[in-house]
Amino acid sequence: MTDDFIFEIMEKFNSSNIVDLDLNQNGAHLLLRKKEAFLSKTIEIEKREETESPAEPLLQKEEKKAESTKVKEESQAEVLKSPIVGTFYRSPSPDSPAYAEKGNKIKKGEPVCIIEAMKMMNTLNADYDFEVLDILVENGQLVEFDQPLFAIKKI
């Protein structure tokens with residue numbers, strides 16, 4: 001499988017309704033899966049709020065309101081997604097500080113993370129100024145194409 005072939009498959013997969021693709025060709029293996037984890041968490045919490053019992057203590061209701069407000073703020077946030085399949089790294093080396101932390105303001109062109117794909121380190125740089133609201137994946141985690149990496153707010 002050539003790089004061009006893999007990128008073409010990834011583009012077609014992304015624009016299709018297919019959610020799972022497992023391809024074996026000449027000893028090479030390519031597995032693509034779509035995840036909508038960020039959206040499903042928001043829907044799950046909103047559903048819990050709708051099914052609230054009228055007999056709940058006032059304190060629990062206030063806690064749920066605060067949680068709901070936070071989720072709605074996060075759902076209004078934009079999401080920075082992975083452009084490729086690979087391993088997500090927050091810093092250039094294990095002993096270096098992370099490029100982006102929660103609450104950081106990132107300027108256009110600054111590095112945000114690294115995604116290792118096929119033994120190549122690909123630095124993801126900011127396309128615009130933004131603030132990091134949340135980091136949605138763990139350091140060293142395998143990420144899929146178009147998987148949310150950061151919840152952000154454009155500045």
Side-chain angles (χ1 to χ4, degrees), residues 1-49 64 66-155:
M1 278 189 244
T2 65
D3 290 348
D4 290 336
F5 175 76
I6 292 171
F7 288 123
E8 183 179 340
I9 291 294
M10 288 170 53
E11 276 184 39
K12 288 181 180 180
F13 176 76
N14 186 43
S15 63
S16 74
N17 292 331
I18 299 171
V19 294
D20 195 15
L21 175 67
D22 192 355
L23 180 64
N24 288 304
Q25 186 180 46
N26 300 330
H29 182 234
L30 177 65
L31 177 64
L32 301 175
R33 286 194 182 118
K34 293 181 182 174
K35 290 186 179 180
E36 304 299 326
F38 185 73
L39 179 61
S40 66
K41 285 181 185 177
T42 304
I43 292 169
E44 180 182 315
I45 291 172
E46 286 176 355
K47 281 182 182 176
R48 272 192 258 145
E49 179 183 313
K64 279 193 171 190
E67 182 180 302
S68 174
T69 302
K70 181 181 176 190
V71 169
K72 285 179 184 171
E73 285 173 3
E74 286 179 1
S75 68
Q76 291 173 356
E78 294 187 45
V79 179
L80 185 63
K81 297 179 179 180
S82 175
I84 57 175
V85 174
T87 305
F88 172 84
Y89 295 108
R90 294 182 57 201
S91 61
S93 68
D95 55 342
S96 299
Y99 288 125
E101 294 286 352
K102 192 172 179 178
N104 281 11
K105 290 183 176 26
I106 306 294
K107 301 249 185 238
K108 180 179 180 177
E110 288 183 357
V112 180
C113 67
I114 293 176
I115 300 177
E116 179 186 4
M118 298 170 52
K119 306 280 185 198
M120 292 184 64
M121 299 298 187
N122 301 283
T123 303
L124 181 61
N125 294 319
D127 290 334
Y128 41 79
D129 295 354
F130 62 86
E131 179 181 354
V132 178
L133 300 177
D134 201 4
I135 302 166
L136 305 174
V137 293
E138 296 294 321
N139 195 44
Q141 179 179 336
L142 180 64
V143 294
E144 305 289 333
F145 172 72
D146 218 25
Q147 177 177 343
L149 303 174
F150 298 92
I152 62 169
K153 181 174 121 182
K154 285 186 183 177
I155 302 174

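Below, all heavy atoms of this structure are taken into account, side chains as well, without hydrogens, waters or symmetry copies.
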Kindly write out the residues that satisfy side chain to side chain contact (heavy atoms under 4.5 Å, CB included) with [X], not counting sequence neighbours, or none if the list is empty.
X	answer
Thr123	Pro111, Ile114, Asn125
Phe7	Asp3, Met10, Ile84
Leu23	Met1, Phe5, Leu30
Asn26	none

Residue pairs fulfilling side chain to side chain donor-acceptor pair (under 3.5 Å) with at least one residue in residues 88-99, sequence neighbours excluded: Tyr89-Glu116, Arg90-Glu101, Ser93-Asp95, Ser93-Ser96
Closest approach of [X] to [Y] (non-hydrogen atoms, all atoms of both residues):
X	Y	answer
Val112	Ala126	CG2-N, 3.8 Å
Pro97	Pro92	O-CD, 4.2 Å
Ile106	Ala100	CD1-CB, 4.1 Å
Asn24	His29	OD1-CD2, 2.7 Å

Within 6.0 angstrom of Gln25 CD, more than 12 heavy atoms from elsewhere: yes
Tyr128 six-ring face occupied by Lys154 cation (under 6.0 Å, within 45°): yes
Results of ring pair (Phe, Tyr, Trp, His ring centres under 6.0 Å) for Phe88 - residues two or more places apart only: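 Result, ring pair (Phe, Tyr, Trp, His ring centres under 6.0 Å) vs Phe88: Phe150.
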Derivation of the side chain to side chain contact (heavy atoms under 4.5 Å, CB included) call for Asp146 and Ser82: CA-CA 5 Å; Asp146 218 25; Ser82 175; over 6 Å; no
Reported CD1-to-CG distance for the pair Ile9 and Asp4, which is rounded to 0.5 angstrom: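 Going from the CD1 atom of Ile9 to the CG atom of Asp4 covers 12.0 Å.
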Nearest-0.5 Å distance that lies between atom CZ in Phe130 and atom NZ in Lys108: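 Between Phe130 CZ and Lys108 NZ, I get 12.5 Å after rounding to 0.5 Å.
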With sequence neighbours left out, what residues match [X] under salt bridge (charged side-chain N to carboxylate O under 4.0 Å, His left out)?
X	result
Lys107	none
Lys153	none
Glu110	none

Derivation and outcome, side chain to side chain contact (heavy atoms under 4.5 Å, CB included), residues Leu149 and Val143: CA-CA 8 Å; Leu149 303 174; Val143 294; 3.8 Å; yes
Sidechain-backbone polar pair: Asn122 side chain, Met120 backbone, donor-acceptor under 3.5 Å: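 Yes.
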Main-chain N/O of Val132 paired to Asn104 side chain as donor or acceptor, under 3.5 Å: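 No; judged by distance alone, with no hydrogens or angles, the pair does not exist.
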Verdict with supporting geometry, Ile115 and Thr87, side chain to side chain contact (heavy atoms under 4.5 Å, CB included): CA-CA 5 Å; Ile115 300 177; Thr87 305; over 6 Å; no
Pairs satisfying salt bridge (charged side-chain N to carboxylate O under 4.0 Å, His left out), at least one member in residues 118-131, at least two apart: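 Output for this query lists Lys105-Glu131.
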Contacts of type side-chain hydrogen bond (donor to acceptor under 3.5 Å, both in side chains), residue Lys12, not counting sequence neighbours: Glu8
